[in-house]
Amino acid sequence: MKKKKKQAKRVSTFLVLSTVCAAALAGCSSGSGSGGEGASGDSSAAPSANASAEAEKPLKLNIMLPIFKTNYPKDDSPVAAELEELTNTDIHFEWVPNASYGDKFNITLASGNLPKIIYVPDSKGPSFVSAVKSGAFWDLTDKLKNYPNLSQANEVILNNSSINGRTYGIYRGRELGRNGVYYRQDWLEKVGLQQPKTIDDFYNMLKAFKEKDPDGNGKDDTYGLVMVKWTAGWGAGFDQIKLWFGAPNVWGEKDGKLVPEFEYDEYFEALKFMKKLYDEKLVNQDFAVMDSAKWTDPLVNGQAGAIIDVVDGAARADDKIHASLKDAGKEDSREQYMDVFGAVTGPDGQIHTLPTSGFAGMLAIPKSSVKTEEEVDRILKFLDQLNEPDLQTLTSFGLEGKHYKKIDDKTLERSSDSVLLESEVEGLNQMVPYIPEGKGLQVAQTPLRLKQTEVQLKNRDTIVANPAEPFISEVYAQKGQQLGNIINDARIKFIVGQIDEKGWRDAIELWKKSGGDDYVKEINELYAASKS
């Protein structure tokens, strides 16, 4: 349809220095918008006649999204071209490495030069909340009812993703019980252990993966757990480990008051456990800076044995191991190399599982780049259309006959060409809301994929909710970045041995004096008000 024009496009991949993040935050906090919170005109209006007339022309879109690989679909890839054909759009993708997305997001907000759709990694993050309150994003609350799929958004998830009860982006739906652990089952068999049931079992598995030559090459060249720098913090794994030890999920309740998680003894026990893993080299020594785009590489390459993340990563890692061994001429008859579980029993004899919020970030529409109600409605129509089964299949798996083979009306078999999938397909589903649910074709349900689903459903019974999830704090909007950095930096320094327990306690006191006490006071006022 627009091949010549598409080939002339330039793909932008942003690499950002974290040192400019503070400046970006300051710029965002002081920015002014046209109108206050919720000032979006008649946001309940249905798409107008003007929008219908313009529908004959392709809708020009630029979309900023995270990418988890070093390769990604280009604007002129065949899947992108098909997507444009089906949705009558002309799309430019601005891919940002996930490890630096938070920094790039803040810089982009401060610059004022925003795309028409931007992925928001943290709907309660200070920079986004400040931008919303300055009128920088469209209020979509009263518009969703006009679209067949978006109108079916889950009310609980809408509340979790809202700012003071208003919707400023389309959430990307996710399973609540999605988190867990996946590991090399072939390695576990080699070292003679069973799937971990307790924290001690988990430690023993990691230790055996380092010391008992699980890859059988006679060399001391393996370790246990892969961790990475993550957009929301310094390493996704610890957020689950702290719950295993009995720490709360961000906030816990004591004597009717909410208390920050890091003031719990159980949290510090989890930190000491992480330090033990680091000191014994059972976790990669560069965990605080490792790019999440390379997260599964050590598993696939036979360097490490386990990852704490979303459990559906197991099957993707397993596919890569099969493909890697096939390319090397070493594939055997083994059906699966990976296995998965949800959480291990903690010191209190209970299982505590970290839930998702029911969504993974949002897709927001800035007012600086989208000027009219009519264009907002066209963009919402596009986002609504992405939830149709054919487009969910296209954005997740690509084109039939090239990227996958259809097995029946519900399932497919993906191509084993991982380079092809990364360069033409993977990442496009980052813009799909999955509202009300996943409806496209799915990969054929192997025993491993069936177990992933089983674990996710079972996890729902043991999840630990964050009691402050719906609250919007003025203090956090102003000082959240600074407060978060104090704790993040201190826990990394403790784990790698740069500070001791006193240094950790000093960091908590610094947090309190830097606005933390005010933050706790405000959260508790909001908590009390919600109960009344």
Side-chain angles (χ1 to χ4, degrees), residues 68-71 174-175 177-191 193-196 202 205-206 208-209 214-216 222-228 236-237 240 284 292-343 396-398 403-405 407 410-422 425-427 429 438 441-459:
F68 296 78
K69 307 288 174 60
T70 53
N71 204 358
R174 296 295 186 269
E175 165 61 48
R178 197 179 177 206
N179 290 317
V181 181
Y182 54 95
Y183 62 93
R184 293 279 306 234
Q185 174 63 24
D186 57 329
W187 280 24
L188 197 67
E189 293 171 4
K190 181 73 183 297
V191 300
L193 295 176
Q194 299 296 314
Q195 180 174 293
F202 182 71
M205 178 181 77
L206 300 185
F209 283 173
D215 60 350
T222 57
Y223 61 94
L225 179 67
V226 189
M227 293 182 66
V228 294
Q240 295 191 50
N284 52 305
S292 55
K294 301 177 181 177
W295 201 346
T296 59
D297 290 357
L299 262 68
V300 176
N301 298 336
Q303 297 171 286
I307 284 177
I308 305 175
D309 185 35
V310 292
V311 296
D312 43 290
R316 292 191 290 271
D318 197 68
D319 289 343
K320 289 183 178 180
I321 292 171
H322 277 283
S324 177
L325 291 174
K326 183 178 181 180
D327 289 345
K330 297 179 180 179
E331 191 173 26
D332 55 31
S333 59
R334 188 181 185 92
E335 185 172 18
Q336 69 186 59
Y337 293 90
M338 302 299 302
D339 205 349
V340 64
F341 62 89
S396 294
F397 304 111
H403 304 105
Y404 70 87
K405 178 175 66 176
I407 296 175
K410 295 183 178 180
T411 60
L412 55 80
E413 179 182 341
R414 301 184 76 189
S415 166
S416 60
D417 188 339
S418 60
V419 175
L420 175 69
L421 294 178
E422 286 183 12
V425 183
E426 292 182 4
N429 62 352
L441 293 176
Q442 298 297 318
V443 174
Q445 296 301 290
T446 63
L448 177 57
R449 284 186 164 84
L450 290 171
K451 187 170 184 181
Q452 288 174 173
T453 301
E454 177 187 328
V455 167
Q456 289 178 348
L457 294 176
K458 187 176 179 182
N459 279 349

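Bear in mind that the values here come from a model prediction, so they are computed numbers and not experimental data. In this chain, residues are counted from 1 in sequence order.
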Does the side chain to side chain contact (heavy atoms under 4.5 Å, CB included) test come out yes or no for E175 and T453, once each step is laid out? CA-CA 10 Å; E175 165 61 48; T453 301; over 6 Å; no
Out of curiosity, [X] [atom1] to [Y] [atom2], how far, rounded to the nearest 0.5 Å?
| X | Y | atom1 | atom2 | value |
| --- | --- | --- | --- | --- |
| D309 | S292 | CG | OG | 9.5 Å |
| K190 | D215 | NZ | CG | 7.0 Å |
| N179 | I308 | CG | CD1 | 10.5 Å |
| K320 | D327 | NZ | CG | 13.0 Å |
| M205 | L193 | CE | CG | 9.0 Å |
| L420 | S415 | CG | OG | 5.5 Å |

Exercise: identify the closest heavy-atom pair between [X] and [Y]:
| X | Y | answer |
| --- | --- | --- |
| K326 | S416 | NZ-OG, 4.3 Å |
| A306 | L206 | CB-CD2, 4.1 Å |
| T222 | P214 | OG1-CD, 3.5 Å |
| Y404 | G398 | CE2-O, 3.2 Å |
| F202 | P196 | N-CB, 3.7 Å |
| V425 | S396 | CG1-O, 3.5 Å |

Keeping the roles fixed (side chain from [X], backbone from [Y]), state whether a donor-acceptor pair exists under 3.5 Å.
| X | Y | answer |
| --- | --- | --- |
| D312 | Q452 | no |
| N459 | G177 | yes |
| N284 | M227 | yes |
| R178 | V311 | no |

Any chance you could lay out the salt bridge (Lys or Arg N to Asp or Glu O under 4.0 Å) test for D319 and R449, step after step, and finish with the verdict? CA-CA 11 Å; D319 289 343; R449 284 186 164 84; 2.9 Å; yes
Decide if atom NZ of K458 counts as having more than 12 heavy atoms of other residues, nucleotides or ligands within a radius under 6.0 Å.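 12 or below, so no.
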Please determine whether side chain to side chain contact (heavy atoms under 4.5 Å, CB included) holds for the pair K410 and Q442, giving the CA-CA distance in whole Å, both sets of side-chain angles, and the decisive distance to 0.1 Å. CA-CA 6 Å; K410 295 183 178 180; Q442 298 297 318; over 6 Å; no
Which residues pass the side chain to side chain donor-acceptor pair (under 3.5 Å) test with S324, not counting sequence neighbours?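 Per chain and number, S324 pairs via side chain to side chain donor-acceptor pair (under 3.5 Å) with no residue.
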Test side chain to side chain contact (heavy atoms under 4.5 Å, CB included) on R414 and F397; report intermediate values, then the result. CA-CA 7 Å; R414 301 184 76 189; F397 304 111; 3.8 Å; yes
N/O donor to acceptor pairs below 3.5 angstrom from side-chain atoms of residues 334-341, sequence neighbours left out:
residue	atom	partner	partner atom	Å
R334	NE	Q336	O	2.6
R334	NH1	E189	OE1	3.2
R334	NH2	E189	OE1	3.2
R334	NH2	E189	OE2	3.0
Q336	NE2	M338	O	2.9
Y337	OH	D332	OD1	2.6
D339	OD1	K451	NZ	3.0
D339	OD2	Y183	OH	3.4
D339	OD2	K451	NZ	3.3

Do L441 and T411 pass the side chain to side chain contact (heavy atoms under 4.5 Å, CB included) test, and can you show the C-alpha distance, the side-chain angles, and the key distance before you say yes or no? CA-CA 5 Å; L441 293 176; T411 60; over 6 Å; no
Tell me every residue that passes salt bridge (charged side-chain N to carboxylate O under 4.0 Å, His left out) with K69, counting only those two or more places apart in sequence or in another chain.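 Once residues adjacent in sequence are excluded, the partners of K69 under the salt bridge (charged side-chain N to carboxylate O under 4.0 Å, His left out) criterion are E426.
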Only one of V228, I307, V226, D318 forms a side chain to side chain contact (heavy atoms under 4.5 Å, CB included) with T296, so which one is it?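 Filter result, single survivor: I307.
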